Every structure is written in structure tokens, then in C-alpha cells.
Amino acid sequence: MSTEFFWRLPLGTDGPQLSTDKHNRGNSLRRPGDIAPGLLPDGTPDDFTYIDYIAQVAKAAELAGFEGALLPTGPEPWIAAAALARETRRIKFLIAFQATWTLPAYAAQQAAILQNLSRGRLEWNIITGGNPASQRANGDFLEHDLRYKRTGEFLDIIQGLWENERFSYEGDIYRLDNGSLPQGLHNERKPGVYFSGFSDAALDVAARHADVYLNWAEPVDKLKPHIERVRELADKQGRSVRFGLRVDLFARETEEAAWRDLRNQFERLEGKGSSLVKQFTSGSDSVGAARQTAYHKDINGFDDLILGPNLWAGFAKAKPGPTVGLVGSHQNIAERLAEYRDAGFSTFILAANPHLEEALRIGQEVLPLLRTPAAHQTSSPLKATA
């Protein structure tokens, strides 16, 4: 089973610390010392925007050997991907977007054009939405299961448009009459569908449409039963599905240095989580988010958040997104990722702060440990060192 590694592009803000409240790159406030956008010595704007910084991260990830880059929801990932395609050569762009905000036929047209412009480097991370208040603020008032029904119909239409010169569809939410892809673009590759969700409604869509089913990190034994269920549901649809893991890393030269530096950052939070974290988790009806929250809810002690070897559930105390991440030496991180690979995961979406420097570090120090051909080893590169 081939393995692919993606790096997360920090659309919006980035910085050397875990907490998004302390980020100093790509921050629209233009504070002294900030980077892209920043200020010149005389206090005037430096004429850079966050996309200039993100382009550097994308190039670093590409040079460091990552196959792809995740563009998360936030500042419009479609536009960012189009800009970054001109800055890079081969790296794939995994665009996270909600089916809600674009009619499926128009999304298919956008995808076909971007595939053509980027030479086939577009993939889709389809998001359904997990915070009702946030959905309503953007004009979406459907409840949880109906949102997944809409996503399923959205992907039905995408599939139909790619498989037919002309395609019509009548569902409960979408209708399409004699739709088609733009002339001359029908042979462009349909983006792979990377999809997540733990509810029954989500798993129904995953079984029918997901090429890669994504999970946030948890202890391996907790995820195994779930991926087996997804595999069985896909098999009933006559399909196979690959599995991916989205996980944050905190890697240092030694395990002791990693835990020490992470503890120092955690203590500087002063018991106050990021304001973005509170917005992200408040009122969410996501089953997957609830699983993640359970690992850190009402737990405030650093050591109490350690779930197992190199597994720490405190990342969501500082920023939105995954709760559980990997902490340790480069060797430790490679060993833990190998355990997930052995459990059936073949796609890894990795991230660390600051994303620019860490893309190079992880690409140079961790990925080679996972890619060294066994036939060329005198001893296993994943063997623990004393």
C-alpha cells in the first residue's frame, strides 16, 4: 500500500507558538514584527499579504518531499490554490470546502478549470459543517442529517457530470437539467474526494463517495473498529476506500526536548484557550468533534492529557482543529506514524508550528524514516534508540 504525505498550509495566520492568539505571520492586524503582511521601518505597509507567506510554505513542503498540501477552510481556499499553482511545480492541493456554498454544477466547472490550469493537481476535502450557529451565520439552516444528505446529492451530481456528456438529476435538495462540464475539459481528472464524519449520515456518504476517509488522530486501538466499519460499508456499495489521518506534530531532536518545549508553551497559555478554539467548539453538533473533545474536556493538567507513548490530547487547548497530536523525537514521531500505517492508514496530513520551518524539518528528519526501502536497510530505521 503506497503512502502519501500532505502538509497543512496555514491559511490566515501562522506563528512559532501553538496558540493562534499569538501568531505573527499572515495576521491582518499588521503589528510591529509581523510578517506578510508587515510594516517597513517607517511604519508603512510592506505590500505583502498572507498569500506571499503561504507560497513560501507550499514551496518548502514541495521541496521537502510532501506529495500534497491541505488548504483548510478559512480565507477562500479555491482562490489560494489557483495562486499557489503558479508558485509550485508538482505538489497537489487538497481544497477543504463546504458543498453548501457552491452549486454542484458550478463547483464541477471550477474544478475542471483548476485541474487544467494546475496540470491535474486538485483534490477535494469535502466539509459538511459542524457548528449550527456558524452555518446559520452564513445562511445555512439545515439540521445535521440533512446537511449530509445535501453533501451526498452534491457528490452524486459531481459524479454524474464527470461520467456523462450531459447529465440531469432530481433529488430532494438539488435539481439539474441537462448539465455538463465546460467544453474541452471533460477529460480532466475528477478530484479525489477526501471525506470525514462519524455519524451514520456521514458514513453513508463516505461509503458511496469517499476515495480517502479522513480521521483526526486518536489512539490506534480506538480508530481500528471505526475504519473497519467504514470499509465494510464501502464494500457493500461495491467500492474500496483508503484511510487518512490528520495529525499535528511537536517534534524535536530528542523526546525530552519535545516534552520540555511543549510544556513551556502550554504553561504560557495561562489556562486561557484560544478565542478561536471557543468559537470552533461552542455548540458543535459534529460527532467527530465530540469524540475529540472528550479527550480533553475538563482536563487541565499537562500530564493528564498524555494518552500514551508520544500521544498528547492538549492541542485543542490552544487552537481549533485536532485534539490529539504526536510529541517526541523525529524517531518517536516516525514510529508512531508507522503504527498508524500498519493499522491501515495510507494518507497522512501533517502540521506543526511554524509551518514554514517545520515543513522542512519534518520532510528532512521524519519522512525519510518512513520511506527507507526495507531491502536497503542494515537495520530498521524505526528501531527505538537508547
Side-chain angles (χ1 to χ4, degrees), residues 1-8 67-73 92-99 111 122-130 144-145 147-156 158-159 162 189-248 284-292 295 321-326 336-351:
M1 177 175 57
S2 62
T3 306
E4 60 179 358
F5 293 93
F6 285 68
W7 189 250
R8 180 186 183 274
E67 285 85 4
L70 168 67
L71 284 75
T73 56
K92 296 187 293 185
F93 296 107
L94 178 57
I95 294 177
F97 77 100
Q98 284 200 41
L122 172 66
E123 310 288 359
W124 273 347
N125 177 198
I126 301 294
I127 307 295
T128 301
H144 178 277
D145 284 5
R147 293 202 302 269
Y148 278 102
K149 183 176 182 61
R150 175 176 56 201
T151 297
E153 290 192 8
F154 179 98
L155 291 171
D156 287 342
I158 296 297
Q159 189 72 32
W162 238 278
R189 180 180 64 84
K190 183 176 78 70
V193 174
Y194 293 62
F195 188 82
S196 60
F198 275 78
S199 68
D200 290 341
L203 295 183
D204 175 69
V205 177
R208 292 189 291 115
H209 290 290
D211 296 300
V212 178
Y213 178 81
L214 295 175
N215 300 261
W216 280 337
E218 297 183 34
V220 174
D221 62 330
K222 300 293 185 183
L223 285 175
K224 276 184 176 179
H226 185 68
I227 68 172
E228 285 304 318
R229 184 185 178 201
V230 174
R231 185 177 283 117
E232 291 171 3
L233 291 171
D235 185 64
K236 290 179 180 178
Q237 297 288 333
R239 304 181 66 251
S240 61
V241 61
R242 305 194 310 278
F243 294 93
L245 191 75
R246 165 76 178 88
V247 59
D248 281 7
S284 174
D285 61 3
S286 165
V287 177
R291 284 176 66 108
Q292 290 284 299
Y295 285 109
T323 288
V324 180
L326 299 179
R336 300 292 83 75
L337 290 175
E339 289 172 357
Y340 284 106
R341 183 182 59 192
D342 293 344
F345 292 91
S346 60
T347 294
F348 295 90
I349 302 175
L350 310 177

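As the structure is a computational prediction, the values presented were derived from the model and not from experiment. Numbers here simply count residues along the sequence, with the first being 1.
Scanning for side chain to side chain donor-acceptor pair (under 3.5 Å) contacts around Asn215 gives an empty result, with sequence neighbours left out. Taking Tyr295 as the reference, Glu218 meet the side chain to side chain donor-acceptor pair (under 3.5 Å) condition, with sequence neighbours excluded. Every side-chain contact (heavy atoms from CB on, under 4.5 Å) that Ala206 has, sequence neighbours left out, goes to Phe195, Ala210, Tyr213. In this view, Arg150 and Asp140 satisfy the salt bridge (charged side-chain N to carboxylate O under 4.0 Å, His left out) rule, not counting sequence neighbours. Legend: residues meeting ring-ring contact (aromatic ring centres under 6.0 Å, His included) with Phe243, ordered by chain and number and at least two apart, are absent. Residues forming a salt bridge (charged side-chain N to carboxylate O under 4.0 Å, His left out) with Glu67 (at least two apart in sequence, or on another chain): Arg371. By the salt bridge (charged side-chain N to carboxylate O under 4.0 Å, His left out) test, Lys92 is found to be paired with Glu4, Glu123, residues two or more places apart in sequence or in another chain being considered. Residues satisfying the ring-ring contact (aromatic ring centres under 6.0 Å, His included) criterion with Phe93, sequence neighbours excluded, are absent altogether. Take Ala96 and apply the side-chain contact (heavy atoms from CB on, under 4.5 Å) test, not counting sequence neighbours, and it matches Leu70, Thr73, Asn125, Ile127. Every residue meeting the side-chain contact (heavy atoms from CB on, under 4.5 Å) condition with Ala99, not counting sequence neighbours, appears here in chain and number order: Thr151, Phe154. With sequence neighbours excluded, the residues satisfying side-chain contact (heavy atoms from CB on, under 4.5 Å) with Leu233 are Leu203, Ala207, Arg229.
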Note to self: Could you walk me through whether Leu350 and Leu337 satisfy the side chain to side chain contact (heavy atoms under 4.5 Å, CB included) test, starting with their C-alpha distance in whole Å, then the side-chain angles of each, then the deciding distance to 0.1 Å, before giving a yes or no?
What the structure shows: CA-CA 10 Å; Leu350 310 177; Leu337 290 175; 4.3 Å; yes
Check: Phe97 and Ile126: side chain to side chain contact (heavy atoms under 4.5 Å, CB included), yes or no, with the steps?
Finding: CA-CA 6 Å; Phe97 77 100; Ile126 301 294; 3.6 Å; yes
Would you sort out whether Arg291 and Trp216 count as a side chain to side chain contact (heavy atoms under 4.5 Å, CB included), showing the intermediate values?
CA-CA 10 Å; Arg291 284 176 66 108; Trp216 280 337; over 6 Å; no
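The closest side-chain heavy-atom distance from Arg147 to Thr128 is below 4.5 Å. Side-chain contact between Asp204 and Tyr148 is absent, with no heavy-atom pair separated by less than 4.5 Å.
A pairwise comparison of heavy atoms in Gly197 and His226 identifies O-NE2, 4.3 Å as the closest pair. In terms of heavy atoms, Ser2 sits closest to Ser346 at O-CB, 3.4 Å. Looking at every heavy atom in both residues, Gly325 comes nearest to Val247 through CA-CG2, 3.9 Å. In terms of heavy atoms, Pro191 sits closest to Trp162 at CD-CH2, 3.8 Å.
Residue Asp211 forms a side chain to side chain contact (heavy atoms under 4.5 Å, CB included) with just one option from Thr347, Val193, Val241, and that option is Val193.
With values rounded to the nearest 0.5 angstrom, Phe6 atom CZ is found 9.0 Å from Leu214 atom CG. Put simply, CZ on Phe345 and CD1 on Ile227 are 4.5 Å apart, with the number rounded to the nearest 0.5 Å.
Salt-bridge check for Asp156 with Arg208: passed, with a basic side-chain N closer than 4.0 Å to an acidic carboxylate O.
Residue pairs that meet the side chain to side chain donor-acceptor pair (under 3.5 Å) test with at least one member in residues 231-242, sequence neighbours left out, are Glu228-Arg231.
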